[in-house]
There are 2 protein chains.
Amino acid sequence: MPRQVREQQIIDVAVRVFAQRGYHAASVDEIAELAGISKPMVYLYLDSKEGLFLACLRREAARLVAAFQEAARGAGAAPDLRLHAGLAAFFAFVAAYRDSWVVLHRQASEPSERIAAAVADTRRAVMAEVAGLVKDGIDDVTGGEGRGARLGAEDADFVAHALVGAADSLTDWMERNPGQSPESVTVRLMNMVWVGMRGVLDGEVWLPDG
Amino acid sequence: MPRQVREQQIIDVAVRVFAQRGYHAASVDEIAELAGISKPMVYLYLDSKEGLFLACLRREAARLVAAFQEAARGAGAAPDLRLHAGLAAFFAFVAAYRDSWVVLHRQASEPSERIAAAVADTRRAVMAEVAGLVKDGIDDVTGGEGRGARLGAEDADFVAHALVGAADSLTDWMERNPGQSPESVTVRLMNMVWVGMRGVLDGEVWLPDG
DNA sequence: CAGTAAACTTACTGAACGGTAAGGTATCGA
DNA sequence: TCGATACCTTACCGTTCAGTAAGTTTACTG
């Protein structure tokens with residue numbers, strides 16, 4: 001069995017086990033056994049437990065970002081449609097590869113500096129992607145004319161954070177409402193966020209004192 | 001030193017250590033030492049590592065839910081003001097007790113059935129609280145008259161999930177933008193969500209095909 | 001003062017786990 | 001046929017860590 005194939009097999013299993021047990025509770029012995037291989041092979045190919053986890057992280061992060069970017073790129077020029085396509089791709093990805101998402105994001109207290117850095121990088125990449133689309137959307141709606149409220153890059157960043165967090169949480173909601181398709185969830189979320197943003201840009205502010 | 005005081009001291013330290021290291025990487029030895037006590041005391045009072053973690057979970061969950069409920073209750077009758085107050089209390093809580101929130105929510109792959117159940121219970125409680133306020137808000141705006149779109153309990157649940165997820169993620173945003181007060185974050189979030197919801201209730205739908 | 005219960009310690013055990021040393025087999029080019 | 005290189009194994013080491021046994025001190029009470 002050639003090395004490249006074996007490596008992918010090991011990573012396949014590792015993503016599953018890390019997602020199920022978490023980094024610390026996962027044991028290399030178990031991963032090796034489930035991969036139908038002995039432990040030293042894992043160390044020969046992936047160097048260490050941390051290296052194995054980083055390999056999982058890198059592969060799944062690349063997959064997710066690629067899915068998002070391709071969807072957004074292939075959705076024409078309108079920012080709302082691009083954001084919609086990106087979010088739809090995200091939900092579809094999470095629905096299809098639940099373990100990947102868990103490994104990427106739910107790895108709470110990071111076990112090492114390098115892993116923490118890798119997770120932060122992924123998060124930053126996703127966030128920048130979303131914030132970019134939101135910013136385009138703001139500029140598109142504002143279109144130079146002075147609308148009610150001015151929203152800038154900082155606001156786009158704020159919305160992006162809210163959006164990504166909402167999407168993550170809605171992952172659970174999808175699991176508990178199995179009738180809902182990723183597509184319908186996406187449209188619902190767009191309705192909340194996009195309509196709200198458009199409203200704010202039109203000057204429809206909400207304030208605690210009326 | 002009486003038992004009740006010691007127990008709280010131990011839990012204080014444990015919340016810190018669990019938040020920093022995660023459940024598995026945290027060692028009872030370290031917690032005991034930081035609490036200025038020997039390990040068997042921890043086992044005498046809290047039974048086991050799992051028992052210790054459950055005690056942390058229960059105490060911090062009660063604090064958070066209480067803060068949310070009290071704020072909402074003390075904010076008058078208008079649903080938007082109650083939701084605003086609840087969210088403000090949440091952001092203030094997370095800002096003040098960061099470790100509590102990490103222990104409550106970021107404990108990714110749950111180490112045991114009982115802990116998973118406790119985390120799920122907390123999450124359900126918070127979600128029900130938020131969904132209730134959102135539902136009140138929908139009914140308040142709709143007010144019996146037939147507005148553009150009908151939103152029901154399922155929609156309130158959807159919005160609640162999105163809102164809680166957004167709030168969680170905005171926790172990070174707050175950390176990266178230290179100039180922002182919990183109060184300003186709350187108002188911004190309310191503007192996104194409430195204005196969007198009101199817009200949808202007024203029939204302003206967003207659809208992928210124009 | 002005797003007794004007893006609560007608060008607290010040192011010192012240990014057994015198991016799990018990350019990582020490695022040493023070596024075995026098979027395939028392929030010279 | 002003779003390396004040599006890639007693939008793979010068994011068997012082990014050292015450490016960490018949850019959990020416990022046994023005993024000590026302090027303080028209160030009859």
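Numbers restart at 1 for each chain; the letters A, B, ... are given by sequence-line order, proteins then strands.
Residue A:Ala25 is classed as having no contact, given no heavy-atom separation below 4.0 Å to the nucleic acid. Residue B:Ala26 is in sugar-phosphate contact alone, with no base atom involved, counting any heavy-atom pair closer than 4.0 Å across all strands shown. If you check every strand for non-hydrogen atoms under 4.0 Å, A:Ile37 touches sugar and phosphate atoms only. Using a 4.0 Å heavy-atom cutoff across all strands shown, A:Pro2 reaches sugar-phosphate atoms only and no base atom. Contact annotation for A:Ser38: base contact, defined as any heavy-atom pair under 4.0 Å involving a base atom.
The closest side-chain heavy-atom distance from B:Val103 to B:Glu60 is not below 4.5 Å.
Distance A:Glu33 CD to C:dG18 P: 14 Å, rounded to the nearest Å. The CE-P distance, from A:Met41 to C:dA22, rounds to 19 Å in whole Å. Atom pair B:Tyr43:OH and C:dA7:P shows a separation of 20 Å (rounding to whole Å applied). For A:Tyr45 and D:dA6, the OH to C1' distance is 7 Å, given to the nearest whole Å. As a whole-Å value, the separation of A:Glu7 CD from D:dC8 P is 12 Å. Here D:dA11 presents its P atom at 14 Å from CG of A:Asp29, a figure rounded to the nearest Å. Atom NE2 in B:His24 sits about 19 Å away from atom P in D:dT16, given to the nearest Å. In this structure, CD1 of B:Ile10 is placed 11 Å from C1' of C:dC8, rounded to the nearest angstrom.
Between B:Lys39 and B:Glu33 there is no salt bridge, since none of the side-chain N atoms of the basic residue sits less than 4.0 Å from a carboxylate O of the acidic one.
Applying the 4.0 Å criterion to OP1 and OP2 of C:dC8, one finds that B:Arg6 has a side-chain N or O inside that range.
Aromatic pair A:Trp206/B:His84: centroids less than 6.0 angstrom apart. The six-membered or imidazole ring of B:Trp101 lies away from that of B:Phe91, with a centre-to-centre distance of 6.0 Å or more.
Considering only the side chain of A:Pro40, C:dT20 comes nearest among C:dT20, C:dG18, D:dC17.
Shown are B:Gln9, B:Gln4, B:Arg3; of these, the side chain to side chain donor-acceptor pair (under 3.5 Å) with B:Glu7 is made only by B:Arg3.
Judged by distance alone, with hydrogens and angles left aside, B:Lys49 brings no side-chain donor or acceptor close enough to the base of D:dG19 to form a pair under 3.5 Å.
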